[in-house]
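Notes follow the structure.
Since we're looking at a predicted model, the values are computed, not measured. Just so we're on the same page: letters track the sequence lines, and every chain starts at 1.
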Amino acid sequence: MTLASQIKHAAEDAFKRLYPDIHIDCTMITVNQTKPEFKGDYTIVLFPFLKLLKQKPDAIGKQLGDFLLDKTDLFSAYEIVSGFLNLTIRDTCWGAFILNHFTDTRFGDKCKADCRVMVEYSSPNTNKPLHFGHLRNIFLGAAMAEILKANGKQVVKANLINDRGIHICKSMVAWERYGTGDTPERIGVKGDHLVGDYYVKFNDVYKQEIAKLAADGMDEKTAEKEASIMKEAQNMLRKWEAGDTDVKSLWQMMNSWVYKGFDVTYKKLGVSFDKVYYESDTYLLGKKIVEDGVRKGVLYKKEDGSVWVDLKDEGHDEKLLLRGDGTSVYMTQDLGTAKLKYDEFKLNQSVYVIADEQNYHMNVLKIVLKKLGEPCAHGIYHLSYGMVELPSGRMKSREGNVVDADDMVEEMINLAKEQTEQAGKTEGFSKDELVKLYETIGLGALKFYLLRVDPKKKMIFDPKESIDLHGFTATFIQYAHARICSILRKENVPLVPDATKFQSFTQSAPLLPLETKIILALEEYPLILADAGAEFNPSSICNYAFQLAQMFNTFYDAHSISKAESEEKKQLRLMIIIMTASILRHSMHLMGIRMPEKM
RNA sequence: GGUCCGGUAGCUCAGCUGGAUAGAGCACCAGCCUUCUAAGCUGGGGGUCAUUGGUUCGAAUCCAAUCCGGGUCACCA
């Protein structure tokens, strides 16, 4: 139990004893950290009790403070300032805390529970390479998977690849027309990029054809339908659905190029999946569910054979679930995949990391599954995130105005190299170590940049401004960590010492404010971790880790660790920095960010 | 138009389950390296928390309305 909630319970208990006739429960008690300008560590707000107890704040505070001081061994002092009861935690409590936990590398982790959660993320289309927007999705999903694991869930990381449909047919048609037999190997272009280039090519040609038809007097709407390259693409889709062997083998070949490309990118990013679904495998499954729904009378068929669901009770319109020709739409396959996931893994929860432009779709998905009585419905959680935009607006792959993921990663690593060299910090590293270090710093900065913001907020990225390596960044946190490691190296103390280390430590000298401040922050970590899991929000961990690193830097500047005033202080500070480093590593590991021991 | 989300310092963002004088980073200004890594630290300037009204002992936070920006409402995915 965290200290804050211990205090809450102690206060609840105190009220019970002091005012047996009046009911005050935990939910009415607010415990905050005391503002730095006042003396104390935690604060109980007294205002809510004035009416109930019919007393002045000072009187309540005094009784409560006296009781807590007297009947518990948590506090050494209290002070009442205009309606706030500021409590000071005993130094011996802090001392005991740090001694008990400083070797615990899994501080904050919860025990494994019997709760299975799937996190689906990345989920790319196979007609183009990954761009900056996908990176936000991927890092969010990967981070959430780790955060949920730390919170005791059994996590399945899933990727649902949208490998079929008109989009890939567009690339296929363009490649057939203009590709002249190019392959990734032959021209030395990464497979996903090559296929993406033809997707852009398709749209260029398409636009030209429309313009030409329009110039010949056709109206624009008709021209969009009549353009020959679009007709070819649609024709190819029909052939694909009919199982045409030539089309299928072309499709397989081009998709395999893309997968190879994706694998390279995923590997570089340091992300992986436990389960990969392909829509070409799952798109038929939804049909059965829909047909069952019609039989049950939950869904209805129109004269043309199309199937619909009525959502007017939920404040929406009616929604198509199956086309008149019996082919499935986006929603159909999602219904099937949701059920498949649930049946395959007996999931308690299924998290979808999908941009907020699909809020409506995800909402409807859940409602329809509920209507159909599918048990998978209630575990669905849409982790909706805002899209990454350029200053010029949204990224559109078909217009080619995207910040490519591979390019971005490379740029970040180069930036890390540049700045490391500029700072003259390359000494004492081998060539291989430097390569690894630049990757650690560059990728770390990129991940942190995308994870430090509340997921639901959209973000604008200006490619002209490079991502910073100063201030609120992964680099800052890595640097604090490296500094700690450096101290420990000099002191010949391992990063994670044996638990018997400092057994002889006794807390007798009063703690300095900065010592208390860091220990208090360390103690808070499990709460932050639990919150991030409950709220599906990795950014709170980024904020926390940054603040902790900042506290360490301030401490480092103000007090010496190696040359502490006494052996006791030295031991205390070593324990503090060992645990600080450990939590920084733990928290950044959740974000998929590596922590160097030297930089 | 219906609906959902956002609007906090010049810029990027915390804070939003109501609590003390609204916080960081970047940028700007002034300091700090014979002492554990200056990718750092200290200090400074900079705010009508979009607007108005309401609830409350107390509102950036909750409620309502308005303004601004965006998403979405397809036999696209």
* At under 4.0 Å between heavy atoms, what does A:Val45 touch on the DNA or RNA strands: base, sugar-phosphate, or nothing? -> base
* At under 4.0 Å between heavy atoms, what does A:Thr420 touch on the DNA or RNA strands: base, sugar-phosphate, or nothing? -> base
* Asked: Does A:Thr43 have a side-chain nitrogen or oxygen under 4.0 Å from the phosphate oxygens OP1 or OP2 of B:G19?
  -> no
* **Strand-adjacent residues in residues 535-549 of chain A, judged by heavy atoms under 4.0 Å from RNA chain B** => A:Asn543, A:Phe546
* To do: Using the closest heavy atom to pick a nucleotide of RNA chain B for each, name whichever of A:Gly471 or A:Ala423 lands nearer the 5' end.
  => A:Gly471
* On a whole-Å scale, what distance lies between the P atoms belonging to B:U21 and B:C73? -> 47 Å
* Asked: For A:Phe552, is the NZ or CZ atom of A:Arg483 found under 6.0 angstrom from the centre of its six-membered ring and inside 45 degrees of the ring axis?
  -> no
* Distance, P atom - from B:U51 to B:A9, rounded to whole angstrom -> 11 Å
* In whole Å, what separates the C1' atom of B:G46 from that of B:A38? -> 26 Å
* Asked: Side chain of A:Gln358, backbone of A:Ala355: donor and acceptor closer than 3.5 Å?
  -> no
* Is any side-chain N or O of A:Lys563 closer than 4.0 Å to OP1 or OP2 of B:U35? -> no
* To do: Please state the P separation for the pair B:G25 and B:U42 - nearest whole angstrom.
  => 8 Å
* Asked: Any side-chain N or O of A:Arg323 under 4.0 Å from OP1/OP2 of B:C76?
  -> yes
* Over-ring placement of A:Arg452 relative to A:Phe546, 6.0 Å and 45° cut-offs -> no
* Which part of the nucleic acid does A:Gly165 contact within heavy-atom distance under 4.0 Å: base, sugar-phosphate only, or nothing? -> nothing
* OP1 or OP2 of B:A14 less than 4.0 angstrom from a side-chain nitrogen or oxygen of A:Lys457, does that happen here? -> yes
* Under 4.0 angstrom between A:Tyr556 side-chain N/O and B:A38 OP1 or OP2 -> yes
* To do: Determine the contact category for A:Lys425: base if any of its heavy atoms lies under 4.0 Å from a base atom, sugar-phosphate if only primed atoms, P, OP1 or OP2 are that close, otherwise nothing.
  => base
* Asked: Of the non-hydrogen atoms in A:Pro129 and A:Gly196, which two are nearest, and what is the gap between them?
  -> CD-CA, 3.8 Å
* Asked: Within the structure shown, what part of the strands sits under 4.0 Å from A:Ile441 by heavy-atom distance: base, sugar-phosphate, or nothing?
  -> base
* Which whole number of Å gives the distance between the P atom of B:U61 and that of B:U8? -> 14 Å
* What does A:Thr30 touch in the nucleic acid at a heavy-atom separation under 4.0 angstrom: a base, only the sugar-phosphate, or nothing? -> nothing
* A:Ser562 side chain near B:C36 phosphate (N/O to OP1/OP2, under 4.0 Å) -> no
* Asked: Touch check for A:Lys35, heavy atoms < 4.0 angstrom, all strands: base, sugar-phosphate only, or nothing?
  -> base
* Within the structure shown, what part of the strands sits under 4.0 Å from A:Lys456 by heavy-atom distance: base, sugar-phosphate, or nothing? -> sugar-phosphate
* Phosphate-side-chain proximity, A:Lys458 and B:C5, N/O vs OP1/OP2 below 4.0 Å -> no
* Asked: Which listed nucleotide (B:U37, B:C57, B:C4) is nearest to the side chain of A:Ile487?
  -> B:U37
* To do: For A:Lys51 and for A:Tyr479, find the nucleotide of RNA chain B with the closest heavy atom, then tell me which residue's nucleotide is more 5'.
  => A:Tyr479
* Using a 4.0 Å heavy-atom cut-off across all strands, classify A:Asp531 as base, sugar-phosphate, or nothing. => nothing
* Asked: With distance as the sole criterion, is a donor-acceptor pair present between the side chains of A:Asn359 and A:Ser384 under 3.5 Å?
  -> yes
* **Distance-only polar pair, side chains of A:Asp163 and A:Thr126, donor-acceptor under 3.5 Å** => no
* **Integer angstrom distance from the C1' of B:U12 to that of B:U66** => 28 Å
* Sugar-phosphate only, base, or nothing, as touched by A:Met387 at under 4.0 Å among non-hydrogen atoms -> nothing
* To do: Examine the side chains of A:His361 and A:Asp334 and answer whether a donor and an acceptor come within less than 3.5 Å of each other.
  => yes
* To do: Give one of base, sugar-phosphate or nothing for A:Asp454, where a contact means two heavy atoms less than 4.0 Å apart.
  => sugar-phosphate
* Centroid-to-centroid, A:Phe84 to A:Phe47, below 6.0 Å? -> yes
* Asked: Expressed as a whole number of Å, how far does the C1' atom of B:U3 sit from that of B:G45?
  -> 44 Å
* To do: Pick base, sugar-phosphate or nothing for A:Glu491, based on heavy-atom distances below 4.0 Å to the nucleic acid.
  => nothing
* Main-chain N/O of A:Ser122 paired with A:Asn137 side-chain donor or acceptor, under 3.5 Å -> yes
* Asked: Does B:C4 adopt a syn or an anti glycosidic conformation, taking syn as a chi angle within 90° of 0?
  -> anti
* To do: Check every strand shown and say whether A:Phe84 touches a base, only sugar-phosphate, or nothing at a heavy-atom separation below 4.0 Å.
  => base
* To do: May I ask you to check whether A:Phe49 and A:Phe15 place their ring centers less than 6.0 Å from one another?
  => yes
* Asked: Does a nitrogen or oxygen in the side chain of A:Arg483 sit under 4.0 Å from OP1 or OP2 of B:A38?
  -> yes
* Pick the C1' atom in B:G23 and in B:C33, then give their distance to the nearest Å. => 29 Å
